[in-house]
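Predicted model only: the values in this text are computed from it and were never measured. A, B, ... follow the sequence lines: proteins, then strands. Residue 1 opens every chain.
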There are 2 protein chains.
Amino acid sequence: MTTARRDTYTPETLLSVAVQVFNERGYDGTSMEHLSKAAGISKSSIYHHVTGKEELLRRAVSRALDGLFGILDEPGANRGRAIERVEHVTRRTVAVLMDELPYVTLLLRVRGNTRTERWALERRREFDHRVADLLKAAAADGDLRTDVDIRLATRLLFGMVNSLVEWYRPLPGGAGDREQVVDTVVRLAFDGLRTGH
Amino acid sequence: MTTARRDTYTPETLLSVAVQVFNERGYDGTSMEHLSKAAGISKSSIYHHVTGKEELLRRAVSRALDGLFGILDEPGANRGRAIERVEHVTRRTVAVLMDELPYVTLLLRVRGNTRTERWALERRREFDHRVADLLKAAAADGDLRTDVDIRLATRLLFGMVNSLVEWYRPLPGGAGDREQVVDTVVRLAFDGLRTGH
DNA sequence: GTCTATATTACGATAGAC
DNA sequence: GTCTATCGTAATATAGAC
């Protein structure tokens, strides 16, 4: 089906190169010249595949958002006790962050200067609200501590989760450190750092 | 001492305007034209106060770094049990993030395209290492849970702390929500989200 | 599908008057 | 200390050959 090695670009393969450069230099700090050097083709050749720089951004953040919203449709996010749904969404968000690392990284750094960026920010907020609602339900069940504000806790929890993109790098061999990271996030989030649980 | 109202700019007052714009549009997404509009003076007038855009960035991240490294010199960070020093540094880092919000926000978003940015990244790494060493000491004291990797836990803890800059906004009246945020961060970090502690 | 060449605009920074 | 005018460069994007 897929050819073993491809010498020419498609919008897809070009995207993976572009996203990597965007994450290294920042989207605004990346020129079409930078992209052409990284891809090994001329600037004008890039315009053969995509209409411009912003289309690359749109494709990238779309992929990230699809991954995140997909989590909310999974069975584990829609049945069972609310606290278990929260744990499921937390685990799966960490997993999606690692699996789609460059795309989610770009999404989380979007500022809002263009129409595409503002659309991405809006969809992100939507995801955050869906998650916040889950935590509210868990609080109503009495499964979350009552001495913290739930909205605040949601932000801190997903702040911790999202910080993954700042330091996580997949192991060269593709070895299984993914499970370790997922477990650690869940343990810290739900039971904390201190001993004695 | 300080004049009640000042009609002209100093490097200091110009900085606070610039940092705000940098945080809204991103450093690379901000042109001198943007800055001049926001400050209400012409582009060339800005060059009377600072040598260029990068000096504004350097002043801003310096201020943030001074605040953070200042924490490590405080008595609470250098005496007592390691776990208590960790808690002190955590509390104070949250406080500094809130007090110097725009400056720390800018610091945490630096990518590394210029010499100034790379210097900022290096100093940030230095701070992170100092904190990681504190957690290592707390682990050696047996005060941290043993089923998580300490380096990983450090990153997640400060990922949670640093995520503050993405959503925290000071209350208009200057009301005291600061203590609530500090307490919540410490509770979640050390004892977790779940009930039953 | 890729290239060279170029149009056009925006950017950072400077010159020099007031 | 602020301004208008402008320089030189680098940006996005297009034209048109191969």
Whole-Å distance between C:dT6 P and A:Y47 OH? 18 Å
Do NZ/NE/NH1/NH2 and the carboxylate oxygens of B:D66 and B:R63 come within less than 4.0 Å? no
Return the value, rounded to whole Å, for the distance between atom OH of A:Y27 and atom C1' of D:dA11. 13 Å
Does any donor atom in the side chain of B:S45 or B:H48 lie under 3.5 Å from an acceptor atom in the other side chain? no
Take the protein atom CE of A:M32 and the nucleotide atom P of C:dA7, then report the distance between them rounded to whole Å. 20 Å
Is any NZ, NE, NH1 or NH2 atom of the basic residue among A:R124 and A:E117 found under 4.0 Å from an Asp or Glu carboxylate oxygen of the other? no
Under 4.0 Å between a side-chain N or O of B:S45 and OP1 or OP2 of D:dC3? yes
Looking at DNA chain D, which of residues 48-64 of chain A put a heavy atom within less than 4.0 Å of it? A:G52, A:K53
Check every atom of D:dT2, C:dC11, D:dT12 against the side chain of B:H34 and return the nucleotide holding the closest atom. C:dC11
Could you identify which residues of residues 15-23 of chain A place a heavy atom less than 4.0 Å from some atom of DNA chain D, listed by residue number, or say none? none
Over how many whole Å does the gap from A:E33 atom CD to C:dT4 atom P extend? 11 Å
Any N or O donor-acceptor pair under 3.5 Å from the base of D:dT2 to the side chain of B:S44? no
Pair A:R91 + A:D183, salt bridge at N-O below 4.0 Å: yes
Whole Å only: how far is the NZ atom of A:K43 from the C1' atom of D:dG16? 16 Å
Output the rounded distance in Å from CG (A:D28) to P (C:dG12). 11 Å
Among D:dC3, C:dC11, C:dT2, the one nearest B:S31 by side-chain distance: C:dC11
State the OH-CG distance between A:Y168 and A:D177, to the nearest 0.5 angstrom. 4.0 Å
The complete set of side-chain hydrogen bond (donor to acceptor under 3.5 Å, both in side chains) pairs with one or both residues in residues 146-160 of chain A, sequence neighbours excluded, reads A:R145-A:D147
N-O pairing of A:R111 and B:E24 below 4.0 Å: no
Using whole Å, report how far CD1 of B:I46 lies from C1' of C:dT14. 14 Å
By nearest atom, which of the nucleotides C:dT2, D:dG1, D:dT12 is closest to the B:T8 side chain? D:dG1
In whole Å, what is the span from the CG atom of A:L35 to the P atom of D:dA10? 17 Å
Assign B:T30 to base, sugar-phosphate, or nothing according to its heavy-atom contacts below 4.0 angstrom with the strands shown. sugar-phosphate
Test side chain to side chain donor-acceptor pair (under 3.5 Å) applied to A:T116 and A:E55, A:R59, A:E54, the passing residue: A:E54
Ionic contact status for B:E33 with B:K37, cut-off 4.0 Å: yes
